[in-house]
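All figures in this text were calculated on a predicted structure; none of them were measured in a lab.
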Amino acid sequence: MDWQTWHAQYDRPGSYMAQRLEAVRTQIGASLDSSPPGPLRVVSLCAGQGRDLLPVLADHPRRDDVRALLVELDPRTRRTPRRRPGLRAWTRRKW
């Protein structure tokens, strides 16, 4: 599977994948909004480029409460970081 091509579909405005991504982001934001006060932990398996979680956390008032682990095994995808201001990242490249 060419995951780079698959992920590129998110960049096409109005595409099914772009709409799907927006729906997922909306649900993540709603989950953060409805979570009780205190620390939150998120584990994202098959995280891809983190397009779903990272943009929501970057702008969310609860971002400092969240500790997230994004797991992605595809090495090319892992080399495409989605850095966001205000978020600290640690990357482990070898498994």
In Å and rounded to the nearest 0.5 Å, what is the [atom1] to [atom2] distance from [X] to [Y]?
X   : Y   : atom1 : atom2 : answer
Q4  : D74 : CD    : CG    : 6.5 Å
L53 : L69 : CG    : CG    : 10.5 Å
C46 : L70 : SG    : CG    : 11.0 Å
R25 : L57 : CZ    : CG    : 11.5 Å

Partner of Y10 by side-chain hydrogen bond (donor to acceptor under 3.5 Å, both in side chains), out of E22, R20, Q49: R20
Would you say the side-chain atoms of [X] pair up with the backbone N or O of [Y], donor to acceptor, closer than 3.5 Å?
X   : Y   : result
R62 : S35 : yes
Q9  : M17 : no
R63 : V56 : no
R41 : R67 : no
Q19 : G14 : yes

Shortest non-hydrogen contact from [X] toward [Y]:
X   : Y   : result
D52 : I28 : O-CD1, 3.7 Å
P55 : G50 : CD-O, 3.5 Å
A18 : R12 : CB-O, 3.4 Å

Pair R51 + D11, salt bridge at N-O below 4.0 Å: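 The answer is yes: the pair qualifies as a salt bridge.
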Hphob cluster co-occupancy, Y16 + W3, side-chain heavy atoms under 4.5 angstrom: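 Result: yes, single cluster for both.
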Transitive ILVMFWY side-chain link L40 to V24, under 4.5 Å: yes
